Asker: 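Before I ask anything, here is the structure I am working with.
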Amino acid sequence: MFRPVDEQLKMLCAGAVQIETVDELRKKLEASRAASRPLRVKLGMDPTAPDIHLGHTVVLRKMREFQDLGHKAVLIIGDYTAMIGDPSGKTKTRPMLPPEAIKRNAETYFQQAGKALDTAPEKLEIRYNSEWLGKMNLADMLKLSSRVTAAQIFQRRDFKERLKNDVDIALSEFIYPLMQGWDSVVIRADVELGGTDQLFNNLVGRELQRDEKQEPQVVMVMPILEGLDGAQKMSKSLGNYIGVSEPPNEMFGKAMSISDDLMWRWYEMLPGKAEADIAALKAGHPMEAKKALAAALVERFHGANAAQAAREHFDNQFSKKKLDEVAEPLAVAAGKIGLIELVGKTGAFKSRGDIRRIIQEGGVQLDGEKQTDPKAVIEPRAGQILRAGKRVIRRIELAG
RNA sequence: GGAGGGAUAGCGAAGCGGCCAAACGCGGCAGACUGUAAAUCUGUUGACUAACGUCUUCGAAGGUUCGAAUCCUUCUCCCUCCA
């Protein structure tokens with residue numbers, strides 16, 4: 001039932017930043033194969049951020065590989081821990097979330113994670129950690145917290161930084177890694193996956209398992225994907241992300257806007273291309289390579305047809321400038337209308353002053369002609385193409 | 001408990017009675033250049049106005065003043081040192 005251990009190991013180690021330890025992973029794989037027992041691979045999901053983006057998919061893909069090799073994914077929805085907020089990689093304390101919001105987020109999360117994981121029941125187990133954490137009492141908690149020393153906690157880079165910069169750390173945040181580690185004990189994890197920012201938390205899981213006389217889990221951390229800006233990690237709060245449920249054209253466009261340098265780094269982490277393929281792409285035109293990347297991403301979440309369509313849309317909009325192909329309809333009443341009002345109907349700008357500004361700066365075109373007079377009153381005709389800024393392109397339709 | 005320091009636009013950070021809708025940097029938006037790249041350069045970045053200008057903003061509430069982000073009082077939150 002299971003493939004040879006060396007083969008599995010090679011595949012699983014690919015792309016990981018750090019594995020604690022490879023030897024243990026090998027032993028576990030050997031034992032698993034001998035006993036025909038799938039490994040339990042844990043991944044914690046934080047339901048505070050319901051939009052799954054490409055950054056999450058790096059880890060999810062690894063999880064999928066485990067599944068494809070016959071192992072079992074155990075997805076932990078951190079509904080209980082979310083009430084505290086994971087300090088990992090954070091520079092400030094997170095607000096606690098109300099239970100309803102957590103529930104809603106968890107549902108969305110699962111729905112989106114399903115795009116990346118095999119959701120067959122024998123391949124995927126979903127657990128909410130309130131199931132066991134919610135039952136703990138103060139005595140249990142104290143017992144648990146006696147297992148980790150303050151020194152260990154303070155060693156963490158996130159906390160060090162915050163202490164150095166006089167940023168608050170809520171006491172509850174010290175407990176977070178313990179709770180997450182306890183999850184591993186309860187579900188008897190063989191492997192825990194995570195991003196590099198999860199290393200500390202995941203290692204605590206090992207400690208706790210050892211204390212409980214379990215075989216410690218193997219910790220495998222994956223690289224953190226950089227966001228669209230190429231500077232900070234991809235995250236929802238920074239707004240530099242591509243969400244897995246975004247429409248194809250959005251995905252394609254966002255992917256095209258990244259720098260060439262970033263593109264190659266994405267190539268290494270995202271589409272699972274062989275090095276030879278990447279080398280070949282590097283020899284060609286960077287724009288082609290970027291379009292190929294963008295198309296690959298769209299294809300993964302929306303299918304090949306959508307990828308092809310998104311690519312054509314992009315070419316029409318920017319390369320061939322066939323604006324009428326990509327314009328969205330904009331319904332306006334027949335008759336004269338101020339230019340500002342007309343642009344305002346697109347709903348893409350926050351204030352009239354804002355619109356006036358882009359008009360004066362030459363950002364508004366009507367059928368390809370720049371309109372630079374904010375006072376202008378025009379009489380739009382059906383079929384005219386209105387362009388405001390780079391992205392807002394509308395075809396005028398007369399109503400009434 | 002004692003002594004000090006701070007809270008300013010999306011963020012960081014100046015300003016300390018009128019010239020402040022508030023310097024500067026980042027971010028955002030637009031333009032030029034391009035491969036919708038990136039980098040760079042230019043402009044712009046509270047709302048309404050064609051404009052003059054008007055209105056709302058500097059932790060909260062009051063007050064002093066012709067006039068307050070700036071001074072006073074109270075309150076809230078944060079930090080540092082001491083105990």
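Every chain is numbered from 1, with letters handed out A, B, ... down the list of sequences. Computed from a predicted structure; not experimentally measured.
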Asker: Is the positively charged end of A:Lys290 above the ring of A:Tyr267, judged by distance under 6.0 angstrom from the centroid and angle within 45° of the axis?
Answerer: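 So A:Lys290 doesn't make the cation-pi contact.
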Asker: Locate the shortest heavy-atom distance separating A:Ala289 from A:Met263; write the atom from each residue and the value.
Answerer: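 What the structure gives for the nearest pair is C-SD, 3.8 Å.
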Asker: Between B:G31, B:C29, B:G35, which nucleotide has the shortest distance from any of its atoms to the side chain of A:Ile358?
Answerer: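 It is B:C29.
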Asker: Thinking salt bridges, do A:Lys42 and A:Asp190 make one under a 4.0 Å N-O criterion?
Answerer: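 Here A:Lys42 does not pair with A:Asp190 in a salt bridge, since their nearest N and O are not under 4.0 Å apart.
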Asker: Now, which nucleotide makes the Watson-Crick or G-U wobble pair with B:G1, with each of the two distances under 3.5 Å?
Answerer: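 Result: B:C82.
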Asker: Check whether A:Arg40 reaches the backbone of A:Ala73 with its side chain - one donor and one acceptor, N or O, closer than 3.5 Å.
Answerer: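 No; judged by distance alone, with no hydrogens or angles, the pair does not exist.
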Asker: Watson-Crick or G-U wobble partner for B:C20, using a 3.5 Å limit on both distances?
Answerer: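 None - no nucleotide pairs with B:C20, as no candidate has both distances under 3.5 Å.
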Asker: Tell me whether A:Lys233 is salt-bridged to A:Asp197, with the criterion being a basic N under 4.0 Å from an acidic carboxylate O.
Answerer: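 Looking at A:Lys233 and A:Asp197, the cut-off is met.
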Asker: side-chain contact (heavy atoms from CB on, under 4.5 Å) between A:Met234 and A:Leu54: does it pass, once the steps are laid out?
Answerer: CA-CA 8 Å; A:Met234 184 174 283; A:Leu54 291 179; 3.9 Å; yes
Asker: More than 12 foreign heavy atoms under 6.0 Å from CG of A:Asp277: is that the case here?
Answerer: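 More than 12 heavy atoms, drawn from other residues, nucleotides or ligands, come within 6.0 Å of this atom.
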Asker: Is it true that A:Arg206 and A:Glu192 have a side-chain N and a carboxylate O under 4.0 angstrom from each other?
Answerer: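 Result for this pair is no, no salt bridge flagged.
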Asker: How many Å lie between CZ on A:Phe349 and C1' on B:C29, as a whole number?
Answerer: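 Spelled out: CZ on A:Phe349 to C1' on B:C29 is 9 Å.
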Asker: Using whole Å, what does the distance between atom P of nucleotide B:U36 and atom CG of A:Leu228 come to?
Answerer: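 After rounding, the gap between these two atoms is 17 Å.
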Asker: Using a 4.0 Å heavy-atom cut-off to protein, can you give one letter per nucleotide of nucleotides 41-52 of chain B, 5' to 3': B if the base is in contact, S if only the sugar-phosphate is, - if neither?
Answerer: --BSS-SSBSS-
Asker: Give me the distance, rounded to whole Å, that separates B:A50 from B:U64 when you measure between the P atoms they each carry.
Answerer: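 Pairwise P distance, B:A50 against B:U64, rounds to 39 Å.
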Asker: Quick test of your reading of the model: are A:Asp6 and A:Lys10 salt-bridged, counting only N-O distances below 4.0 Å?
Answerer: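 No, this pair does not count.
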Asker: Below 4.0 angstrom, which residues in residues 307-319 of chain A have at least one non-hydrogen atom near RNA chain B?
Answerer: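 Of all residues in residues 307-319 of chain A, the ones placing a heavy atom under 4.0 Å from RNA chain B are A:Phe314, A:Phe318, A:Ser319.
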Asker: What is the ring orientation for A:Tyr109 with A:His56, classed by angle as parallel under 30°, tilted 30 to 60°, or perpendicular over 60°?
Answerer: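 A:Tyr109 vs A:His56 ring planes: perpendicular.
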Asker: Kindly give the atom pairs (protein nitrogen or oxygen, nucleotide nitrogen or oxygen) under 3.5 Å for nucleotides 38-40 of chain B.
Answerer:
none

